[in-house]
Protein chains: 2
Amino acid sequence: MTGDERRDQILHVAIKLFSQYGFRGTTTKKIAEEAGVSEAMVFRHFASKSELYHAILDYKACESGNAMPFAWVSEAIKNKNDFEVFYQIILNALNRHQQDPEFMRLLMHSALEGHELADMFINESIVPTYEVLSFYISQRQRDGMFRNLNPKLIVRAFVGMMIHHSINTTLWDKNGRILKITNEEAARGFTEILLNGIKKNTD
Amino acid sequence: MTGDERRDQILHVAIKLFSQYGFRGTTTKKIAEEAGVSEAMVFRHFASKSELYHAILDYKACESGNAMPFAWVSEAIKNKNDFEVFYQIILNALNRHQQDPEFMRLLMHSALEGHELADMFINESIVPTYEVLSFYISQRQRDGMFRNLNPKLIVRAFVGMMIHHSINTTLWDKNGRILKITNEEAARGFTEILLNGIKKNTD
DNA sequence: GTCTATACTAGGATAGAC
DNA sequence: GTCTATCCTAGTATAGAC
């Protein structure tokens, strides 16, 4: 195996283990073992355990194209297509989380252990969501279409449904013992609840 | 200091540190240091670090009166007072979480590290919530008051708003930088969104 | 009930041979 | 590029004195 291949392999083993046991809970010994090499090899490719963690950060930051958030709903936002705005955001999030459940766990470990990944994610993914959506909501309130609830509170309700469902499906209720449902159905259901919940009564 | 007092003190220091750094991330040395005693004293009161963790479990299990969940909303459920049912549950949860933010962190560490606390909490707090509420919701659907969405999905939306808000206020957004709001306002807002979202249109 | 000293283990990291 | 052997530190736990 070439150097780069080996490096890549170790990186992926580390991602898997870190996401499972957290940074502290994962030993370099275990990483080496799972990769089928000696511990010395791990330290040949990554100067320290901490550097390995940062390599994962870079990798994940590049992989998840968080660069241009919401470009793909700008059309729906422009057209004031309420359903499409919320449905697409939620469906996209659920799909991404499901494709990469490791990332969810990595993120939560990171948040609790106080590593940078969590901050990175909040700044590049959560904060923009709050900004874009609360701006859209207050606009629709001025249009007289939504009731005058605190826009940020609405966003929190929305993000809450989304994240909690993702965490449930990817971490605890993997086989759908409590609730088995496709991402499309979930996205549709949540969007309906939210929109009916905040729309101005027409009567 | 008497034996019991000292034991209690060590227990509380441990709760604080475990909730902050997790089980693995907390050293017995650190516990001893914060308690102002030698490490040997910690092991005099608790045979092992693991026993200390289980003592915390017992303590927390007794402290949070999860024994009779929802006895205090049974009146509202009987009277089919929709607002009261959801408002009281959510307000109660937000207040409890806020009074004991340590518990939230402890719980999350536990969930990720795969300790029993998480299972305990899910079985004694989350599962009953799902059961009681989805039963109530399907009843109100038969009454023709709620739309025919999957009851479990509705509960998930509800629990999602609740938990996500708690996590935000107790863990990340403590000073309300993103959203500053009282528990009463939040509970009212979420309840309004949810109820309007699932009520049958009267027109 | 408390301490100091210490045994033992595990985990991170390196040296040096092949 | 890979291994074995090893060092060092930190962490759990115990012994024994006061």
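For clarity, every value in this text was computed on a predicted model and none was experimentally measured. In what follows, chains are A, B, ... by sequence order, proteins preceding strands, each numbered from 1.
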Identify whether any heavy atom of S38(B) sits under 4.0 Å from a base atom; if not, whether one sits that close to sugar-phosphate; answer base, sugar-phosphate or nothing. base
Using a heavy-atom distance cut-off of less than 4.0 Å, which residues of residues 40-48 of chain A contact DNA chain D? A40(A), M41(A), R44(A)
Quickly work out the R7(B) CZ to dT2(C) P distance and round it to whole Å. 14 Å
Taking side chain as C-beta onward, heavy atoms only, is I167(A) less than 4.5 Å from M108(A)? yes
K29(B) side-chain N/O to dG11(D) phosphate OP1/OP2 under 4.0 Å: no
May I ask you to say what T26(B) touches in the nucleic acid, namely base, sugar-phosphate or nothing, with a heavy-atom cut-off under 4.0 Å? sugar-phosphate
Can you check whether Q88(A)'s main-chain N or O pairs, donor with acceptor, with N92(A)'s side chain at less than 3.5 Å? no
Take the protein atom CD1 of I10(A) and the nucleotide atom C1' of dA13(C), then report the distance between them rounded to whole Å. 15 Å
Show your working on salt bridge (Lys or Arg N to Asp or Glu O under 4.0 Å) between E102(A) and R105(A) and close with a plain yes or no. CA-CA 5 Å; E102(A) 276 171 351; R105(A) 290 188 66 94; over 6 Å; no
For the pair made of CD in E51(A) and P in dG12(C), what is the distance, rounded to whole Å? 15 Å
Take atom CD of E33(A) and atom P of dT4(D), then tell me their distance rounded to the nearest Å. 13 Å
Residues that A55(A) engages under side-chain contact (heavy atoms from CB on, under 4.5 Å), provided they are two or more places apart: R7(A), L11(A), F46(A)
Nucleotide dG11(C), atom P - distance to CD of E39(A) in whole Å: 9 Å
To the nearest Å, how far apart are K30(A) NZ and dG12(C) C1'? 17 Å
Tell me whether the rings of F83(A) and Y87(A) are parallel (<30°), tilted (30 to 60°) or perpendicular (>60°). parallel
Compare all side-chain heavy atoms of L117(A) with those of F103(A) and state whether any distance is below 4.5 angstrom. yes
Starting from P on dG11(C), measure out to OH on Y21(A) and report it in whole angstrom. 13 Å
Would you say that F18(B) contacts K49(B) through its side chain, given a criterion of any heavy-atom pair below 4.5 Å between the two side chains? yes
In whole angstrom, what separates K49(A)'s NZ from dA10(C)'s P? 16 Å
Less than 4.0 angstrom between a side-chain N/O of T28(A) and OP1 or OP2 of dG12(C), yes or no? yes
Kindly say if R6(B) contacts the phosphate of dG1(C), meaning a side-chain N or O under 4.0 Å from OP1 or OP2. no
